[in-house]
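Everything on this sheet refers to the single structure shown next.
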Amino acid sequence: MLNIKNGKIPRPQKVVIYGAEGVGKTTLAAQFPDPLFIDTEGGTAHMDVRRIDRPATWEELLAIINEVAATRDVCKTLVIDTADWAEQLAIVYVCGKYKKAGIEEFGYSKGYVYLAEEFNRFFASLDKVIAVGIHVVVTAHAKMRKFEQPDEMGAYDRWETKLTKQVAPLLKEWCDMLLFCNYKTFIVQSDNVMEKAKVQGGKRVMYTSHHPCWDAKNRHGLPDELDLDFAGIAHIFNATPAAPAEKPIDALRSLMAKDSVSEADIQKVVADKGHYAADIPIEHYSDKFISGWLIKYWPQILNLINNSNQMKEDFDSE
């Protein structure tokens with residue numbers, strides 16, 4: 001007799017976070033519930049997190065993962081940081097096993113077949129971790145490559161995980177959520193047609209859905225774009241995000257409210273100084289610009305705004 005059930009089946013999540021160098025992948029992973037890092041590249045040295053000593057070999061990495069699966073109370077989230085460094089361990093293992101100097105020495109792409117088989121062992125070990133109730137997060141670096149549509153003319157740049165073409169699709173298929181993290185930029189066209197457009201911005205975001213220029217996916221109906229902050233996905237993990245420190249934009253708005261400064265006032269000063277175009281909303285300013293210029297030099301900026309407003313009032317009264 002068929003045992004048919006309705007509704008969702010809750011289980012731990014398989015998450016892949018990849019993005020540009022230094023964008024904050026590891027920092028985001030550290031915000032997941034009770035994380036334990038397997039730091040394959042030493043990228044958590046500057047962070048206050050729990051970590052397991054860097055594995056020296058591929059077999060050691062798999063053994064550590066299996067041990068975590070056998071010790072279910074050791075953490076709530078296991079983080080592999082990063083997949084591309086783990087892949088290098090796998091390549092060394094495959095080449096040593098078959099006594100080859102490099103992965104290309106096998107010929108007929110046979111070395112990559114063995115590499116894919118090893119990563120299937122890797123995923124099987126991670127699935128054991130999932131089975132005992134522990135979330136798994138895998139981080140990866142991103143690379144850009146030229147992508148050509150087979151049935152269309154032209155090509156364009158596209159972000160993807162910095163893995164071999166045999167392993168990358170396996171990782172993407174394995175995960176429930178693939179998050180692409182990057183700096184959001186804006187193209188500002190000058191009024192002078194002879195000048196080139198300028199790139200402005202720097203806000204950090206994560207993309208959750210597929211786009212022609214990057215891989216991403218989720219199974220939770222998330223918005224296509226979120227701030228690079230665990231708070232946006234915490235509900236998926238039944239977790240309460242830690243109270244965040246005051247964001248630079250919130251600190252700026254507090255100053256604006258205290259001194260009766262409008263957003264238009266800020267936009268005018270910023271545009272006059274050549275930092276952002278006048279039609280860019282202030283929430284799109286980078287955190288670094290808000291903290292390092294607007295807040296740092298607030299008294300001087302307030303004087304500029306007050307002088308400008310006074311000049312306008314004098315002009316209007318004439």
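Note that the structure is predicted; figures quoted are calculated from it, not measured. FYI, the numbering just counts along the sequence from 1.
When the side-chain hydrogen bond (donor to acceptor under 3.5 Å, both in side chains) test is applied to N182, no partner is found at least two apart in sequence or on another chain.
Counting heavy atoms from C-beta on, the side chains of V15 and V138 never come closer than 4.5 Å. Taking the side chain as every heavy atom from C-beta outward, T57 and L89 never approach each other to under 4.5 Å. Taking the side chain as every heavy atom from C-beta outward, V79 and T77 approach each other to under 4.5 Å. Contact annotation: the side chain of M177 approaches that of H220 to within less than 4.5 Å [non-hydrogen atoms, C-beta and beyond]. Considering only heavy atoms from C-beta on, L304 comes within 4.5 Å of K273 through its side chain. The closest side-chain heavy-atom distance from L126 to I65 is below 4.5 Å.
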Quiz item: Do W214 and R158 pass the side-chain contact (heavy atoms from CB on, under 4.5 Å) test, and can you show the C-alpha distance, the side-chain angles, and the key distance before you say yes or no?
Solution: CA-CA 6 Å; W214 57 75; R158 190 169 192 273; 5.7 Å; no
Practice problem: Determine, stepwise, if the pair E283 / R253 fulfils salt bridge (Lys or Arg N to Asp or Glu O under 4.0 Å). | Solution: CA-CA 10 Å; E283 61 264 22; R253 290 192 186 281; 3.3 Å; yes
Quiz item: Where do V136 and W174 land on the side-chain contact (heavy atoms from CB on, under 4.5 Å) test, with the steps shown first?
Solution: CA-CA 11 Å; V136 174; W174 170 82; 3.7 Å; yes
Practice problem: Could you go through the side-chain contact (heavy atoms from CB on, under 4.5 Å) check for L179 and V16 one step at a time? | Solution: CA-CA 6 Å; L179 303 175; V16 173; over 6 Å; no
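Between F289 and Y276, the distance separating the two ring centers is shorter than 6.0 angstrom. In this structure, Y18 has its ring center at least 6.0 angstrom away from the ring center of H141. With ring centers used as reference points, F122 lies under 6.0 Å from W58.
No donor-acceptor distance shorter than 3.5 angstrom exists from the side chain of D224 to the backbone of S209, with no hydrogens or angles considered. In this structure a side-chain-to-backbone donor-acceptor pair under 3.5 Å is present from S254 to D250. With hydrogens and angles ignored, the 3.5 Å screen pairs no side-chain donor or acceptor of E41 with any backbone N or O of W85. Checked by atom type and distance alone, the side chain of R72 never pairs as donor or acceptor with a backbone atom of V68 at under 3.5 Å. A donor-acceptor pair under 3.5 Å is formed between the side chain of K25 and the backbone N or O of A20. R54 contributes a side-chain N or O that, together with a main-chain N or O of T40, makes up a donor-acceptor pair within less than 3.5 Å. Remark: the backbone N or O of F37 is not paired with any side-chain donor or acceptor of R50 at under 3.5 angstrom. Under the 3.5 Å distance criterion, the side-chain polar atoms of S291 are left unmatched by any main-chain donor or acceptor of P248. No donor-acceptor pair closer than 3.5 Å links the side chain of D227 to the backbone N or O of D229. When atom types are taken as modelled, the side chain of N66 and the backbone of A63 share no donor-acceptor pair closer than 3.5 angstrom.
Side-chain contact check for T164 and E87: at least one donor-acceptor pair (N or O, by modelled atom type) lies under 3.5 Å. Side-chain polar atoms of E104 and Y112 form a donor-acceptor pair below 3.5 angstrom.
To the nearest 0.5 Å, the span separating CD1 on I130 from CG on D176 amounts to 7.0 Å. In this structure, CG in N218 is found 15.0 Å from OH in Y207, a value given to the nearest 0.5 Å. In this structure, the separation between CG on N306 and CG on D259 is 8.0 Å, given to the nearest 0.5 Å.
Between E160 and the choices K172, R145, K165, the salt bridge (charged side-chain N to carboxylate O under 4.0 Å, His left out) rule is met once, by R145.
Salt-bridge annotation for E67 and K128: absent, with no side-chain N of the basic residue lying under 4.0 Å from a carboxylate O of the acidic one.
Relative ring orientation between F237 and H135 is described as perpendicular, the plane-to-plane angle rising above 60° on a 0-90° scale split at 30° and 60°. Aromatic ring orientation, W159 versus F180: tilted (interplanar angle from 30° to 60°).
A pairwise comparison of heavy atoms in L226 and G232 identifies CD1-O, 4.1 Å as the closest pair. Between T27 and M47, the closest heavy-atom pair is CA-CE, 3.8 Å.
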